[in-house]
Amino acid sequence: MQFNDIKINNYQSIKTIDAHTEGEPLRIIIHGYPNIIGKTILEKRQYLIDNLDHLRQLLMFEPRGHADMYGALITEPCTENADFGILFMHNEGYSSMCGHGIIAAVTLAIETETIGFPNDKGYIGIDSPAGFIKAYATDHHQLTVSFDNVPAFVETLEQEIFVEGIGQVSYDIAFGGAYYIFVDADKLSLDCTANNVQALINAGQAIKKAVMGSVEINHPQETALSFIYGTIFTSKNTDNPMAHSRHVCIFADGEVDRSPTGTGVSARAALLSVKENLSPLTSIEIESIVGGRMSLSIQQQCTYFGKQAVVPRVSGRAYITGTHQFLLDKNDIFPQGFILR
């Protein structure tokens with residue numbers, strides 16, 4: 001049977017290119033959004049929150065997405081050295097920074113020749129809500145994208161809190177474009193593998209809720225960044241014996257990052273600088289729950305609004321998985337979708 005072209009005159013249409021970075025999905029919106037108003041990238045992010053959140057739900061939620069979908073919207077640059085701006089979205093709202101999203105967006109820009117690289121600057125400049133990002137690319141039989149993140153710093157070390165159903169939990173908090181709670185899963189005898197994913201979600205959400213109820217977060221520059229994004233479980237039990245550790249990040253409304261989490265890896269750099277004396281320019285590898293990997297190094301140490309900080313460089317691989325034209329019938333009974341776990 002041969003179908004005729006769908007008559008879509010009465011449909012709203014949004015086009016995307018989907019990709020994954022080390023296993024974590026990214027739906028990159030390329031057409032169908034109205035102009036995003038705002039002079040800064042944070043103003044543009046607020047405009048999405050206030051005016052266009054129904055489109056986030058349409059693309060992230062079922063039946064077009066799923067509970068662990070992640071998205072990005074490319075915008076015009078807001079600063080002089082930026083090639084483009086980027087805004088990130090997920091099942092709960094909008095994140096401040098996303099490492100796997102940077103890697104996938106830059107991969108897409110290079111592979112589609114939207115941006116030529118190398119260029120005169122020697123980097124691709126990106127305006128993110130967390131700050132200005134410099135990205136780089138190498139192609140030795142495999143395109144690999146690296147980025148220098150915003151300064152990462154430790155917020156608090158070796159705190160303890162009682163969590164219902166788990167007991168006493170020791171944790172650190174660090175910022176790498178977003179704030180994360182770091183917990184040693186091995187000390188809790190918590191298995192960081194895919195067959196234990198629901199237990200990890202439950203524990204991650206419980207720990208985040210408990211810590212958020214007892215700790216006040218104040219970003220030193222931007223109030224809009226003053227929130228805990230997720231819980232990251234670390235483990236020394238890795239598939240690759242050469243890997244430093246494994247990350248399992250539970251973020252937003254119980255999403256599980258399939259990658260090691262670019263911003264989480266960045267925040268970990270600040271912790272490792274303090275707790276393990278990780279030296280600048282020393283590269284380590286961190287695994288994900290599905291075996292994805294990111295390499296991490298500290299490019300330099302610095303001071304960030306009075307805090308001792310590091311500039312992390314994170315590297316990973318992304319792959320285009322499809323192109324999509326999503327349609328919304330004006331009579332659709334679920335215009336903003338739903339989530340069933």
Side-chain angles (χ1 to χ4, degrees), residues 21-22 41-42 77-86 88 95-106 117-119 121-138 144-157 172-180 182 217-222 224-226 229 232 234 244-245 247 249 259-286 293-316:
T21 302
E22 303 294 342
I41 199 71
L42 281 172
C78 299
T79 60
E80 182 180 356
N81 291 318
D83 294 281
F84 60 89
I86 190 166
F88 306 106
S95 56
S96 55
M97 172 56 187
C98 174
H100 94 271
I102 293 290
I103 292 170
V106 171
F117 194 82
N119 55 28
K121 298 197 301 279
Y123 63 85
I124 293 173
I126 305 165
D127 287 323
S128 83
F132 184 74
I133 306 296
K134 290 182 178 180
Y136 313 88
T138 57
T144 299
V145 172
S146 305
F147 66 92
D148 292 342
N149 204 349
V150 297
F153 55 85
V154 174
E155 181 71 13
T156 186
L157 282 173
D172 306 315
I173 299 176
F175 178 85
Y179 285 96
Y180 292 96
F182 286 84
I217 296 294
N218 293 296
H219 188 270
Q221 184 182 24
E222 293 289 352
L225 305 180
S226 299
Y229 188 43
I232 294 179
T234 67
H244 174 275
S245 53
H247 278 190
C249 178
S259 81
T261 308
T263 48
V265 167
S266 298
R268 186 86 185 283
L271 286 171
L272 293 176
S273 176
V274 173
K275 301 183 77 169
E276 296 186 14
N277 294 316
L278 180 64
S279 301
L281 305 182
T282 300
S283 182
I284 62 172
E285 184 175 284
I286 297 181
R293 62 182 189 269
M294 289 178 174
S295 62
L296 166 69
S297 63
I298 294 171
Q299 293 303 291
Q300 65 182 50
Q301 296 174 327
C302 62
T303 301
Y304 182 72
F305 290 91
K307 294 178 177 287
Q308 293 301 307
V310 300
V311 176
R313 179 170 292 180
V314 178
S315 303

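Since the model is a prediction, treat every value here as computed from it, not as a measurement.
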Rounded to the nearest 0.5 Å, how far apart are [atom1] of [X] and [atom2] of [Y]?
{"X": "T282", "Y": "L296", "atom1": "OG1", "atom2": "CG", "result": "10.0 Å"}
{"X": "F153", "Y": "L271", "atom1": "CZ", "atom2": "CG", "result": "11.5 Å"}
{"X": "S315", "Y": "E285", "atom1": "OG", "atom2": "CD", "result": "10.5 Å"}
{"X": "F84", "Y": "I41", "atom1": "CZ", "atom2": "CD1", "result": "10.0 Å"}

side-chain contact (heavy atoms from CB on, under 4.5 Å) between I103 and E22, worked out: CA-CA 10 Å; I103 292 170; E22 303 294 342; over 6 Å; no
Do [X] and [Y] make a side-chain contact, defined as non-hydrogen atoms from C-beta onward lying under 4.5 Å apart?
{"X": "K275", "Y": "V154", "answer": "no"}
{"X": "M97", "Y": "S266", "answer": "no"}
{"X": "L278", "Y": "V310", "answer": "no"}
{"X": "I86", "Y": "I102", "answer": "yes"}
{"X": "Y304", "Y": "V150", "answer": "no"}
{"X": "R313", "Y": "Y136", "answer": "yes"}
{"X": "Q300", "Y": "V311", "answer": "yes"}
{"X": "F175", "Y": "I217", "answer": "no"}

Any idea which heavy atoms bring [X] and [Y] closest together, and the distance?
{"X": "T21", "Y": "H100", "answer": "OG1-O, 2.9 Å"}
{"X": "P220", "Y": "F305", "answer": "CB-CB, 3.6 Å"}
{"X": "G264", "Y": "I232", "answer": "CA-CD1, 3.4 Å"}
{"X": "A152", "Y": "G176", "answer": "CB-CA, 4.0 Å"}
{"X": "A178", "Y": "S96", "answer": "CB-OG, 3.7 Å"}

Does the structure place the NZ or CZ of K121 under 6.0 Å from the centre of the six-membered ring of Y123, at an angle of no more than 45° from the ring's axis? yes
Whether H219 and Y179 hold their rings parallel, tilted or perpendicular, with breakpoints at 30° and 60°: perpendicular
For Y229, all residues meeting ring pair (Phe, Tyr, Trp, His ring centres under 6.0 Å), sequence neighbours excluded: H90, Y180, F251
For E276, does the CD atom sit with more than 12 other heavy atoms under 6.0 Å from it, leaving out its own atoms? yes
With I286 as reference, evaluate M294, R268, R293 under the side-chain contact (heavy atoms from CB on, under 4.5 Å) test and give the passing residue. R268
Has the side chain of T263 got a donor or acceptor atom that lies under 3.5 Å from a matching backbone atom of C98? no
What verdict does the side-chain contact (heavy atoms from CB on, under 4.5 Å) test give for D172 and T156, after you've listed the backbone C-alpha separation in whole Å, the side-chain angles of each residue and the deciding distance to 0.1 Å? CA-CA 6 Å; D172 306 315; T156 186; 5.9 Å; no
What side-chain donor-acceptor pairs closer than 3.5 Å can you find for residues 124-132, not counting sequence neighbours?
unit_1	atom_1	unit_2	atom_2	d
D127	OD1	T79	OG1	2.6
D127	OD2	C78	N	2.6
D127	OD2	T79	N	3.0
D127	OD2	T79	OG1	3.3
S128	OG	A130	N	3.3
S128	OG	G131	N	3.3
S128	OG	G131	O	2.8

For S283 and S297, what are the C-alpha separation, side-chain angles and deciding distance, and is it a side chain to side chain donor-acceptor pair (under 3.5 Å)? CA-CA 5 Å; S283 182; S297 63; 5.5 Å; no
